[in-house]
Amino acid sequence: MSIKSRPRYSELELDIKSKRHIVVCDKNGAAAAQRMLRTSNVAAANTTVLVIGPGADKEEAGAFESMGCDVVMASPTIEAAMFRLDQVFAKATMGTRIYVAGIEGLIGQTVALAQRYGVKPMSVRQQHCGSLKRRVQCVHCKGVTEDVTTQIVTCAHCGVPLFVRDHFSRRLGAFMGVSADAEEAGVLPPIEEVFR
Amino acid sequence: MVLAFKRETFRDDYTFRNSPEAVRRFPFPFDADTYMYSVNIEPHVAGRKGSVFEHPIDIDEHYVSEMRDRALVLKNDPLRCQTLPHMDLAGWDLVELLMVSMSEAYPEHFLLERNGNDWHWVNRPLGIDDRFTFGVTSTLPYGPMEYITRQCQGDFCLLDQRDGNLWVDAGMVTTQADWSMDFDLGMNFFEWHAPVPLAHEKGVFERALKFLMQLRQGHPVRRFNWTMSSTPRLDTSPENYHKWGYERALITPENVSERLHLRVELQALWRLPRSNAVVFSIRCYLASMNDIVSVPKWGRRLHRVLRDVHPALAEYKGLTRYRQTAVDFLSKYDDGQETSPGIWPD
Amino acid sequence: MSRSAPIAVVVTAVEHVAQDIKRFSMQRADGQSLPHFSPGSHVTVEMPVPGGHKRNPYSLMGPLDDPHTYQISVLRVLQSRGGSQFMHDAVNVGDQLQISEPFNLFQPESIARRHILIAGGIGITPFMAMTQRFAAATIRFELHYAVRSRSRAAYADVLSAQIGSHVHFYCDDEGDVLDVRKILSGQPLGTHLYVCGPEGMIDAVLNAAREEGWPEEYLHCERFTAAPSGEPFDVRLVRSNLTVHVPANQTVLEAVEQAGVDAPCLCRGGACGQCETAIISHDGALIHNDHYLSDDDKASGEKIMICVSRLAAGTLTLDL
C-alpha cells in the first residue's frame with residue numbers, strides 16, 4: 001500500500017528546457033544519473049554532479065568526468081556532501097533543475113536542503129535507487145537512526161524499541177519511530193527484516 | 001458570563017473533573033448510532049446559548065488549568081510550538097482573531113484596547129497585562145502565535161495556501177490525539193493526514209481540501225472528531241507515548257467508568273485576513289464514561305458506536321485494548337430504545 | 001462556496017489617475033472598518049446598470065494600513081459589456097455601491113526567496129498592494145511595468161517615489177522594450193514570477209519563462225478576462241425550475257444571480273473553476289471564453305463556465 005506522506009519516486013528524466021542541471025547521487029544512483037545524462041548530447045556540459053560514497057571520488061566521479069560533465073565533485077558521506085551542496089544551491093539560478101538518485105535518506109536530505117533555497121519538493125526530480133533501508137527519527141529523543149531494515153528497531157540514541165510508522169517527513173527526510181512496547185513494557189512483536 | 005475556573009491536573013494525580021454544567025454542555029459528537037468518516041463540515045456560526053458553539057472561541061471552567069498544563073508541556077519540549085519563518089504574519093492574524101473573539105465573548109475576563117497598532121491586552125484569569133505594537137514581534141515575550149495560544153484553549157495550526165494545497169507551516173500542539181507537530185511541520189494536507197485509515201480511499205481529504213481552499217474571511221467552518229483516552233491526559237502525544245502508553249492497559253471493568261474518557265475535538269477553520277492563511281483549531285473536550293451515561297441518549301448511542309466501529313478505525317484511534325471493556329460497561333446503559341437524531345440530549 | 005452577503009460602501013473619492021483610468025476610494029456605509037485583505041485579493045463590485053445588474057472583479061490596491069478604505073482602479077473599456085463605462089460615467093463621490101468581501105486568487109508565494117512582478121497597463125493594480133507589503137517587510141522583489149504611453153502609466157509617480165529602486169518602467173511609444181529573458185536571467189533559485197496585463201503579454205512572458213527552464217510552479221498570472229458580450233439567449237435552470245433570459249451584455253452568472261439563484265463563483269474571469277456547471281442540453285452553439293476547461297471538456301458540450309461563456313442563440317439547459 002502506498003504511503004501518502006512518502007514522496008513518489010520515478011525514473012529520472014532530463015528537463016530539456018533547463019539551462020543547467022545539478023545532479024546529486026550516491027553509488028546506487030550513479031548509473032541512473034548517467035543514463036539520464038546520456039539522453040542528451042548537450043546536457044553534460046551544463047551539469048554539476050555531486051556523487052557520494054566512500055571512494056566515489058575515484059570511481060564514479062571519473063565516469064561522470066569522462067561523460068563531459070562540467071563540474072564533478074565527490075563526498076565520502078551524505079553529511080559532508082550537504083555542506084558542498086549548500087554552496088552549490090546558494091549560487092544556482094532559476095532555470096537550473098535539481099535531480100537526486102540514491103537511497104531515501106539522501107533524497108530526503110537533498111530535498112530538504114533545496115527547500116531552504118525556496119525550491120519546491122515537487123521541482124526536484126527524484127529516483128530511488130538501492131536499498132529500501134529507512135532513516136528513522138525517534139519521536140521521543142528526536143535522534144535519527146540510519147539504515148533501518150527491521151520493523152521494530154532499537155533507537156541508536158535513547159535505546160527505546162521503535163515501531164516504524166508508515167509516515168514520512170520530507171522536512172526531516174525520515175520515517176517516524178514510536179515506542180513499540182509503551183503499553184506493556186518488554187512485550188514486543190517479533191522483529192522482522194522488512195525494509196531492504 | 002463569569003466563569004469559575006477550576007484548579008485541576010491532567011497528569012499524575014488526574015484531578016480533572018467536569019462539573020454537572022460542563023457535562024450538560026459537553027459536545028457529544030455522534031448524531032447517529034453509527035460512525036464513519038465523512039466531510040462533516042458545517043458553518044461555524046453561533047449556536048445555543050451555553051453550548052460550546054455559543055462563541056467562536058469557547059472558554060470554559062478548565063481554562064486556567066489547561067493553560068498551566070500547556071506551559072508544562074512546552075517547558076519540557078519547546079518543539080511543540082513551531083513556526084516556519086514565512087508564517088509570522090499569519091501569527092499576527094491569529095493574535096487578532098483570538099484577542100477580539102475572547103474579549104468580545106468574555107469581557108469579564110479579557111480586555112482588548114486598540115489604538116492603531118498600539119494594543120493593550122489584559123487576561124485576568126492568567127494575570128497578564130501587556131502593551132505591544134501589533135505586527136512587531138519584538139514587543140511580545142514570544143512569537144505572536146505562541147504568545148496568544150499560551151492563553152487560549154485548544155491546539156492551533158496555521159496553514160499556508162500554495163500549489164493548490166494547504167501546508168501546515170506553523171502550530172501549537174500540546175493536546176493532540178497521538179500526532180506530532182514537530183514531525184508533521186511543513187507537510188501538505190494529504191501528507192499530514194497520511195496515517196488516517198480508510199478516509200483517503202473515500203475521497204474525504206480531497207473533498208475537504210477543495211472546500212477549505214475556498215474558505216472565505218468571516219465565514220469559518222467546523223467539524224467534530226473523536227477518540228477515547230484511558231485517562232484525562234491532554235498531552236497524548238507520540239513524543240511522550242512511552243511514558244503514558246501503559247495507561248491504556250490499566251482499564252478494568254472496575255475503573256472504566258471513571259478512568260476512560262470520550263475525547264472530542266471541535267475543529268474550526270478560519271480564513272485569516274492579512275496573510276490569507278487558514279487557521280485550524282482543534283479544541284479538546286473530555287468526558288468520563290460516568291459523565292456520558294448521565295445523559296441516557298449518549299450512553300445508548302456511544303455503546304452502539306463503539307460496539308460497531310470499524311476495526312481499522314479502532315486500531316488507529318488506539319481503542320483496541322479497552323474497547324470490549326468499554327462496550328461491556330456501556331451495554332448496561334443501552335436498553336435498546338431508539339435514539340433521537342442529532343447530538344443534543346433529549 | 002456561494003457568494004456571501006455584500007458590503008455596502010460609499011464612494012469617497014474618484015480620481016482620474018491616467019488616460020482612461022480612474023481610481024475609486026470607498027468606505028463602509030455604516031462607518032465601520034472594512035475587512036483587512038491580503039495582497040492579490042479582489043472584490044466584486046455590483047453595478048446597477050440599466051438592462052441587468054453587472055458584477056465585475058477588481059483588484060484591491062490598498063492602502064494596507066488604513067482599514068477604513070478600499071481602493072480600486074477601473075480602465076474604461078469601450079467594447080465591454082458596459083461595466084467599466086458605468087463606473088467611469090455614472091459613479092461619483094457619495095454614491096453607494098455593493099461590494100463582496102475580499103477573496104484572493106493571486107497570492108504571492110510566502111516561501112519565495114524573491115518576487116518578479118511584470119505588469120502591463122491596468123495590470124499594475126494587483127501589484128500595488130503586493131509591493132507595499134514587500135517593501136514594508138523587506139521582502140526582495142522587482143517590478144517591471146510596461147505601458148503603451150506615458151499618459152497611461154497610472155501610479156508611475158507613486159511607485160517612483162515609494163519604491164523607485166525596485167521599479168523599471170517601459171513605454172512602448174518611446175521605444176522601450178521589456179526584455180523578459182534579460183529580466184529572468186541570473187535570478188536565484190526560489191524566485192517566483194507574476195504577470196498581469198493583456199492576454200498576449202501574459203502568454204509571451206510565461207512562454208519566455210518556460211523556455212528559460214522555469215518550472216510551472218514558479219509562474220503565476222492573473223488574467224483580466226472581461227466577460228465578452230454576445231447575442232441574447234435563454235437559460236433553463238433545471239434544479240431551480242426557472243427560465244432566465246440572458247441579455248446581450250449580461251453574463252449567464254449575472255442573469256442567474258439577478259433571478260435570485262445563488263450560483264457558486266469566485267473570480268468571474270473564467271480562471272478559478274468555481275462556477276463550472278453541467279450542461280443538460282443546448283440548442284445553439286456554445287461560446288467558451290474561459291481558461292479553465294480543457295479543449296476536450298469544451299468540445300464535449302457537457303460543461304460550461306457560466307461567468308464568461310455563453311450560447312450563440314437559443315436555449316441552454318443547466319443542472320443548476
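The analysis underlying the following values was restricted to heavy atoms, covering all of them including side chains, and did not include hydrogens, waters or symmetry mates.
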S.K.: Going through the checks in order, is the salt bridge (Lys or Arg N to Asp or Glu O under 4.0 Å) test met by B:D182 and A:R171?
M.R.: CA-CA 10 Å; B:D182 180 49; A:R171 189 177 64 93; 3.3 Å; yes
S.K.: Within the distance-only criterion (no hydrogens, no angle test), does the side chain of A:S179 pair as donor or acceptor with the backbone N or O of B:Y241 below 3.5 angstrom?
M.R.: no
S.K.: Name the atoms and distances for all side-chain donor-acceptor pairs under 3.5 Å in residues 51-68 of chain A, with sequence neighbours left out.
M.R.:
{"unit_1": "A:S66", "atom_1": "OG", "unit_2": "A:G62", "atom_2": "O", "d": "3.3"}
{"unit_1": "A:S66", "atom_1": "OG", "unit_2": "A:A63", "atom_2": "O", "d": "2.9"}

S.K.: Tell me, out of B:D163, B:N240, B:D184, who's got the most heavy-atom pairs with chain A below 4.5 Å.
M.R.: B:D163
S.K.: Just checking heavy atoms, which of residues 223-237 of chain B are less than 4.5 Å from chain A?
M.R.: none
S.K.: May I ask you to test the B:E191-A:F168 pair for a side-chain heavy-atom distance under 4.5 Å?
M.R.: no
S.K.: Of the listed residues (B:G318, B:S180, B:P238), which shares the most heavy-atom pairs with chain A below a 4.5 Å separation?
M.R.: B:P238
S.K.: Measure B:L185 against the heavy atoms of chain A and call it side chain, backbone, both or neither at under 4.5 Å.
M.R.: both
S.K.: By a 4.5 Å heavy-atom criterion (distance strictly below it), what part of B:F190 contacts chain A: side chain, backbone, both, or neither?
M.R.: backbone
S.K.: Would you find more than 12 non-hydrogen atoms of other residues, nucleotides or ligands less than 6.0 Å from B:D13 atom CG?
M.R.: yes
S.K.: Is B:W192 in contact with chain A via its backbone, its side chain, both, or neither, using a 4.5 Å heavy-atom distance?
M.R.: backbone
S.K.: So for B:W179, is it side chain, backbone, both, or neither that comes closer than 4.5 Å to the heavy atoms of chain A?
M.R.: neither
S.K.: How would you list all residue pairs meeting salt bridge (Lys or Arg N to Asp or Glu O under 4.0 Å) that involve residues 76-98 of chain A, not counting sequence neighbours?
M.R.: A:D15-A:R97
S.K.: Give me the contact list for residues 86-93 of chain B versus chain A, heavy atoms only, anything under 4.5 Å, ordered by residue number.
M.R.: none
S.K.: Counting heavy atoms not belonging to B:E258, are there more than 12 under 6.0 Å from its CD?
M.R.: no
S.K.: Taking the side chain as C-beta and beyond, is there a heavy-atom pair between B:P195 and A:R165 under 4.5 Å?
M.R.: no
